[in-house]
Amino acid sequence: MVHHAKELIMKIPPDAEFVEICGEIHAENLTVAEWREIESDDMFQSEHFCGGFEAIEDAFCFSYYSPDGPEYWFQITLEEAQRIAAGELITLDLRLPRQTL
């Protein structure tokens with residue numbers, strides 16, 4: 001079965017590990033335009049997350065490596081990263097990575 005990147009698989013709250021990453025994003029104190037200039041798809045790495053800013057998406061795109069096995073993809077805006085860093089509860093919309101035949 002082929003899963004498309006836009007197919008929502010589940011919603012999860014950000015855990016402490018991801019809140020810390022969002023804190024790093026917030027601490028950089030950059031605008032979206034400034035993030036575009038330094039985009040990097042693996043700028044932020046931890047035990048279960050790897051990602052960075054993607055200029056084409058104007059968002060931070062992450063892989064989440066679930067402790068029970070699967071890899072999921074999700075993205076958040078700069079505003080959402082700042083909200084997560086501030087402790088506001090939002091959910092992360094996880095999707096399976098694009099798969100090809």
Beyond-backbone contact of [X] with [Y], side-chain heavy atoms, under 4.5 angstrom:
X	Y	answer
Ser46	Ile21	yes
Phe74	Arg95	no
Ile84	Ile25	no
Leu94	Ser66	no

(request) Would you please classify the geometry between the Tyr64 ring and the Tyr72 ring as parallel, tilted or perpendicular, with 30° and 60° separating the classes? (result) parallel
(request) Is it possible for you to say whether Leu96 and Tyr65 belong to one hydrophobic cluster, with membership spreading through side-chain heavy-atom contacts below 4.5 Å? (result)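 Looking at the clustering, Tyr65 is in a separate group from Leu96.
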(request) Return each pair, listed once, that meets salt bridge (charged side-chain N to carboxylate O under 4.0 Å, His left out) where at least one residue sits in residues 64-80; pairs must be two or more places apart or across chains. (result)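 Passing the test, one end in residues 64-80: no pairs.
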(message) More than 12 heavy atoms of other residues, nucleotides or ligands under 6.0 Å from NE2 of His48: yes or no?
(response) yes
(request) Using the side-chain hydrogen bond (donor to acceptor under 3.5 Å, both in side chains) rule, collect all pairs that involve residues 31-40, keeping only residues at least two apart or in two chains. (result)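 Residue pairs with at least one partner in residues 31-40: Thr31-Glu34, Arg36-Asp58, Ser40-Asp42.
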(request) Could you grab the distance from atom CD1 of Ile76 to atom CD of Gln82, nearest 0.5 Å is fine? (result) 9.5 Å
(message) Walk me through whether Glu24 and Phe44 qualify under side-chain contact (heavy atoms from CB on, under 4.5 Å).
(response) CA-CA 9 Å; Glu24 292 175 32; Phe44 302 99; 3.5 Å; yes
(message) Going by salt bridge (Lys or Arg N to Asp or Glu O under 4.0 Å), name the residues that satisfy it together with Asp93, two or more places apart in sequence or in a different chain.
(response) Lys11
(message) Which residue is it: Trp73, Phe18, Phe53? I am looking for the one with a ring pair (Phe, Tyr, Trp, His ring centres under 6.0 Å) to Phe62.
(response) Phe18
(message) Which heavy atom of Ala81 sits nearest to which heavy atom of Cys22, and what is that distance?
(response)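 Taking every non-hydrogen atom into account, O-CB, 3.4 Å.
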